[in-house]
Amino acid sequence: GGKMCFRQLRKIGWNAMKRIGGSDEVARKWAGQMIQGISRWYNMDEFSDVTAALKKWHEELIAAEVLPEIYELTKLKGTNK
């Protein structure tokens, strides 16, 4: 497999979370960014939308065989969850 630096992964992840989650808000929470103008209460956000988007992205990556090791393990176990 190829190598990817953290900044590339973060950008790809940001775009995936925005696309799958349907908003900049989901992408902001995935990236761990604060709400503009609020200095310390961002950790009280509700993250169920991010979790749902991550699960969907995970399924997409497995279906596209981008995660070959995970893909092979799920084939062996007979599940892709």
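Throughout, residue positions are numbered sequentially from 1 according to the sequence presented.
Looking at every heavy atom in both residues, Trp30 comes nearest to Leu9 through CH2-O, 4.0 Å. Closest of all the heavy-atom pairs between Gly13 and Trp57 is CA-CH2, 3.5 Å. Nearest heavy-atom pair across Ala53 and Val26 is CB-CG1, 4.2 Å.
Interatomic distance, His58 NE2 to Ile20 CD1, rounded to the nearest 0.5 Å: 12.0 Å. Once rounded to the nearest 0.5 Å, the distance linking CZ of Arg7 with CD1 of Ile12 reads 13.0 Å.
For Thr51, the side chain to side chain contact (heavy atoms under 4.5 Å, CB included) test picks out Lys55, with sequence neighbours left out.
A salt bridge (Lys or Arg N to Asp or Glu O under 4.0 Å) check over residues 14-24, counting only residues at least two apart or in different chains, returns the pairs Lys18-Asp24, Arg19-Glu60.
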Criterion side-chain contact (heavy atoms from CB on, under 4.5 Å) on Arg28 and Glu25, from CA distance to verdict: CA-CA 5 Å; Arg28 176 195 64 80; Glu25 184 69 8; 2.6 Å; yes

